[in-house]
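As structure tokens, the structure follows; a few thoughts come after it.
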Amino acid sequence: MAESSDTKFLNEYRRAIDIFSADTNWNPTNPLLVILTMEAQLTDGETTAQDVPVKLAPQKININTRQEVYAKFAPFARRSRSYLKSSGASKLEMDDAETYIRKILGTRATPKIKDNPDTPENEAAASNSAAQLSYDSRLGNLRGYRAFLGNMPIYNPNETDVKLTTADTIIDDAENSNKAVSAGFVPLSSSRRLRDQKLYTNENSIYEVIRLAKEYYKSLYGAKSPQYRTIAALKFNRPRSLR
């Protein structure tokens with residue numbers, strides 16, 4: 001859910017409070033509808049909503065870093081394959097190498113799905129499970145390929161980009177990037193959940209309070225009154241995923 005929708009939702013709540021505050025007839029018995037209570041709820045809601053992008057920013061960096069690391073898989077796989085073939089590997093040995101390389105590179109029968117920063121997994125894997133495009137699967141296959149090359153005496157390149165030590169560095173960086181994304185998912189998920197509860201889903205959330213406030217205003221002036229129509233025109237949409 002876009003955080004911009006939270007800002008719009010809270011701005012509408014502020015407008016409603018301003019309208020109610022200016023109305024001398026506003027005198028509800030429900031303690032949730034007391035102006036001071038609503039203002040405090042607004043402040044708390046703003047603080048909670050603002051925490052989501054704070055947690056999201058470093059998670060986006062974690063995901064970008066992981067994608068940069070995994071972008072090194074394909075060049076290593078392709079170039080090492082060429083070097084292995086040039087070293088005189090047999091057809092059976094090349095067939096074994098290709099088994100790993102195909103899994104590392106992957107193929108897609110459907111368009112790529114954008115990786116979601118809200119989850120620790122790679123949503124692109126859902127495009128074609130047979131391609132083994134999930135981050136864990138690709139890392140496992142690269143590890144297997146590196147072990148395979150390490151058992152090939154003829155694989156002893158002079159070029160840095162296809163050395164086994166280079167593969168080791170890529171593998172370590174990939175593992176660390178996976179850990180960073182997984183760790184960043186926890187605070188982001190918790191922040192989003194708290195935001196959803198306070199703004200939209202709790203029994204005393206802003207969404208529910210404004211619903212009660214509208215009903216009270218309708219009881220004061222009637223559904224066709226200009227006063228109620230002003231409030232009714234304010235839009236308080238709950239995200240579709242929470243309906």
Side-chain angles (χ1 to χ4, degrees), residues 1-3 53 55-189 192:
M1 181 181 61
E3 274 60 55
K55 297 296 193 302
L56 179 60
Q59 181 68 337
K60 285 185 175 180
I61 294 174
N62 291 337
I63 285 181
N64 290 339
T65 299
R66 179 169 67 174
Q67 290 174 338
E68 290 171 0
V69 172
Y70 274 76
K72 299 176 182 179
F73 281 31
F76 177 83
R78 293 190 179 103
R79 292 170 187 169
S80 62
R81 173 177 57 191
S82 295
Y83 174 81
L84 182 62
K85 191 171 184 179
S86 74
S87 299
S90 68
K91 183 181 184 304
L92 289 177
E93 289 170 334
M94 290 307 302
D95 287 345
D96 289 340
E98 286 292 345
T99 299
Y100 289 109
I101 292 170
R102 280 195 301 269
K103 293 177 180 179
I104 291 170
L105 300 180
T107 57
R108 289 188 184 87
T110 56
K112 181 180 179 181
I113 299 173
K114 186 177 180 181
D115 193 10
N116 185 353
D118 299 348
T119 69
E121 302 301 329
N122 177 19
E123 282 68 29
S127 297
N128 186 359
S129 59
Q132 298 194 41
L133 290 175
S134 75
Y135 287 115
D136 288 340
S137 293
R138 292 183 65 198
L139 178 56
N141 287 316
L142 182 59
R143 282 197 177 111
Y145 182 50
R146 188 262 181 251
F148 168 78
L149 293 177
N151 284 282
M152 297 284 292
I154 61 173
Y155 193 87
N156 187 29
N158 293 319
E159 293 74 22
T160 301
D161 62 341
V162 289
K163 284 182 177 291
L164 294 179
T165 53
T166 297
D168 292 336
T169 298
I170 294 173
I171 289 169
D172 289 343
D173 289 346
E175 179 66 30
N176 290 333
S177 69
N178 284 343
K179 290 179 180 178
V181 170
S182 180
F185 169 73
V186 175
L188 175 59
S189 178
R192 285 186 180 275

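Quick note: residue numbers are just sequence positions, from 1.
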May I ask you to test the [X]-[Y] pair for a side-chain heavy-atom distance under 4.5 Å?
| X | Y | answer |
| --- | --- | --- |
| Phe76 | Leu142 | yes |
| Leu105 | Arg78 | yes |
| Thr165 | Thr169 | no |
| Ile154 | Leu84 | yes |
| Leu149 | Tyr83 | no |
| Lys72 | Thr166 | no |

* Asked: Would you say the side chains of Gln59 and Asn62 form a donor-acceptor pair under 3.5 Å?
  ->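 There is such a pair (donor and acceptor under 3.5 Å, judged by atom type) between the side chains of Gln59 and Asn62.
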* Heavy-atom pair with the smallest gap, counting every atom of Arg143 and Ile171 ->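 Closest pair (atom of Arg143, atom of Ile171, distance): NE-CG2, 3.6 Å.
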* Asked: Which heavy atom of Val162 sits nearest a heavy atom of Ser80, and at what distance?
  ->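 Reported closest heavy-atom pair: CG1-N, 3.6 Å.
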* Going by the side chain to side chain contact (heavy atoms under 4.5 Å, CB included) test, name the single residue among Ile170, Asp136, Leu139 that passes it with Glu175. =>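 Passing option: Leu139.
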* Cationic N near anionic O, under 4.0 Å, Lys85 to Glu98 ->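 The answer is no: the pair does not qualify as a salt bridge.
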* **Side chain Ser177, main chain Ala174, donor-acceptor under 3.5 Å** =>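 Between the backbone of Ala174 and the side chain of Ser177 there is a qualifying donor-acceptor contact (under 3.5 Å).
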* Parallel, tilted or perpendicular: which fits the ring planes of Tyr135 and Tyr70, with parallel below 30° and perpendicular above 60°? ->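 Tyr135 and Tyr70: perpendicular rings.
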